Structures are given as structure tokens and as C-alpha cells.
A.B. asks: 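Please see the structure below; I have some questions.
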Amino acid sequence: MVEHLTHPEGFRLLLTPNHSLSWRGNVRIWLGLLTVSAVIAAGMAVAGAWVIIPFAGLELAALAAGFYLTSRACQRREVLTINDADIHLEKGRTRKLAEWTLPRRYARLRLSAPPHPFTPPKLELIHRDTSVTLGTFLNIEDTETLVQLLEARGLAIERREPDPEIGLWF
């Protein structure tokens, strides 16, 4: 998702992954699956197939790990601030983990076209030897919105087409 934030010194965007369900919703779904699995496993154990219980537990543990890792990945944030002199990018989850400041005048956005039409293009902020990926978690529509917003702000866009010799299947 691309969200415009108010900022007194310039233009600020908050980039976040799309997540349709909150952590509380994930826990509710997991508890529902736990209940269904427990009822089925208890019924099988009563019928004499008690060996099903450890496998049901492993299944629920793997499902909980998947919910946790997916929810954690959906907490990523990128804050892009553009003022008259600089482009400032901050990346993190619940707090800032990394940041870059590039001079606006000499920085550009490299837009590498995807090899497949269902994947979004790769975005990189570039200045000399510094190359920082931007919005790797954005979908195609959000990536297009971000490129349009940055282009409207006067950021130079360098468009790269995929190598025609490299096909979809290597």
C-alpha cells in the first residue's frame, strides 16, 4: 500500500505490504482450526487411532509458525521522504532498522521491467555506487502508483526492459 503522509519539509510516503487480516484475526482463525483439529483427533483417538494426535499437533505448530512469519513479514514499513535537497528512505518493522539519504539532484529511480506480466517491476533508488531496493512487497498497482507519484515529484526514472534472451523458463 502507498499512503501519503503530511510532512512540513516536503513529500512523505509510507509503503506497507497489503495485509487483509490483523494479528487478532490470525489468532482467531488458528484457534478455530485448533478446535476442529482437536475434535477430529479426539474422535480418532477414541476410535483407536491415537497415533493421529502427535501429527495433529505438528500440523497446528507448523500452521502457527506460518501465521507468525506471514504476520511478521506484513509489518514491514518503508518511509520515503523527498524534500528540495534530499531523498531520505527508512526501512524497518516496528522501529527503524536502516536508513539512506541520497541527494535529490543526482538520484534516480531505476524501474526494471519484470520477466513475467504477473509480477511487479523492481524499483531501486540509485546514486553513484549506492543502490537501494524500494517497495519489494508492493503489488503491480501500488508499484505503478508509486512510480507516478515519484515521477510527478520530478525524480528521474530510468526504465530497463528485461533481457530478451532470458525467457520465463531458464
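The structure presented is a predicted model; accordingly, all values stated were derived computationally and were not measured.
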A.B. asks: Got a second to check how far Glu90's CD is from Leu97's CG, nearest 0.5 Å?
C.D. replies: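 One finds 11.0 Å between CD of Glu90 and CG of Leu97.
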A.B. asks: Is it possible for you to say whether Leu31 and Ile29 belong to one hydrophobic cluster, with membership spreading through side-chain heavy-atom contacts below 4.5 Å?
C.D. replies: yes
A.B. asks: Give me the atom names and distance for the closest heavy-atom approach of Ser131 to Ile126.
C.D. replies: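 Closest heavy-atom pair between Ser131 and Ile126: OG-CG1, 4.1 Å.
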A.B. asks: Taking the hydrophobic residues Ile, Leu, Val, Met, Phe, Trp and Tyr, and joining any pair whose side-chain heavy atoms are under 4.5 Å apart, which ones share a cluster with Leu89?
C.D. replies: Val2, Phe11, Leu13, Leu15, Leu80, Ile82, Ile87, Trp100, Leu102, Leu109, Leu111, Leu123, Leu125, Val132, Leu134, Phe137, Leu138, Leu146, Val147, Leu149, Leu150, Leu155, Ile157
A.B. asks: Could you tell me which non-hydrogen atom of Pro103 sits nearest to which non-hydrogen atom of Asp86, and how far apart they are?
C.D. replies: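 For Pro103 versus Asp86, the nearest heavy atoms are CA-OD1, 4.0 Å.
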A.B. asks: Under 4.5 Å side-chain heavy-atom separation, chaining through any Ile, Leu, Val, Met, Phe, Trp or Tyr, what else clusters with Met1? Say none if it is isolated.
C.D. replies: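 Members other than Met1 - counting any ILVMFWY side chain reachable under 4.5 Å - there are none.
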A.B. asks: Identify the residue among Arg12, His7, His88 that makes a side-chain hydrogen bond (donor to acceptor under 3.5 Å, both in side chains) with Thr81.
C.D. replies: Arg12
A.B. asks: Could I get the full list of salt bridge (Lys or Arg N to Asp or Glu O under 4.0 Å) partners for Arg159, not counting sequence neighbours?
C.D. replies: Glu151
A.B. asks: Enumerate the salt bridge (charged side-chain N to carboxylate O under 4.0 Å, His left out) contacts for residues 122-144, please, sequence neighbours excluded, ordered by first and then second residue.
C.D. replies: Arg110-Glu124
A.B. asks: Just jot down the side chain to side chain donor-acceptor pair (under 3.5 Å) partners of Thr16, sequence neighbours excluded, or say none.
C.D. replies: none
A.B. asks: For the atom pair CG (Leu58) and CG (Leu63), what is the distance rounded to the nearest 0.5 Å?
C.D. replies: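 Here the interatomic distance stands at 12.5 Å.
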A.B. asks: What residues, two or more places apart in sequence or in another chain, satisfy salt bridge (Lys or Arg N to Asp or Glu O under 4.0 Å) together with Arg93?
C.D. replies: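 None.
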A.B. asks: Looking only at heavy atoms, which two atoms of Ser37 and Glu59 are closest? And how far apart?
C.D. replies: OG-OE1, 4.3 Å
A.B. asks: What pairs with Arg104 under salt bridge (Lys or Arg N to Asp or Glu O under 4.0 Å), at least two apart in sequence or on another chain?
C.D. replies: none
A.B. asks: Nearest 0.5 Å, what's the CH2-CG distance between Trp30 and Leu60?
C.D. replies: 6.0 Å
A.B. asks: Give every donor-acceptor pair under 3.5 Å between a side-chain atom in residues 66-79 and any protein atom, sequence neighbours left out.
C.D. replies:
from	atom 1	to	atom 2	distance (Å)
Thr70	OG1	Gly66	O	2.8
Arg76	NE	Ala73	O	3.2
Glu78	OE1	Gly135	N	2.8

A.B. asks: Quick one: name the residues clustered hydrophobically with Met44, using the 4.5 Å side-chain heavy-atom rule over I, L, V, M, F, W, Y, and just say none if it's on its own.
C.D. replies: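 Grouped by the 4.5 Å side-chain rule, Val36, Ile40, Ile52 form the rest of the cluster around Met44.
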A.B. asks: Please list every donor-acceptor pair under 3.5 Å in which a side-chain atom of residues 18-25 meets a protein atom from a residue at least two apart or in another chain.
C.D. replies:
from	atom 1	to	atom 2	distance (Å)
His19	ND1	Pro17	O	3.2
Ser22	OG	Gly25	N	3.2

A.B. asks: Over all heavy atoms of both residues, which pair between Thr143 and Pro120 is shortest? Give the atoms and the distance, please.
C.D. replies: OG1-CB, 3.7 Å
A.B. asks: Using a 4.5 Å cut-off between side-chain heavy atoms of Ile, Leu, Val, Met, Phe, Trp and Tyr, which other residues end up in the same hydrophobic cluster as Tyr106?
C.D. replies: none
A.B. asks: Quick one, Pro121 and Ser112 - any side-chain contact, counting heavy atoms below 4.5 Å?
C.D. replies: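 Result no, sub-4.5 Å side-chain heavy-atom pair not found.
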A.B. asks: Suppose we screen for salt bridge (Lys or Arg N to Asp or Glu O under 4.0 Å). Which residues come up paired with Lys96, at least two apart in sequence or across chains?
C.D. replies: Glu99
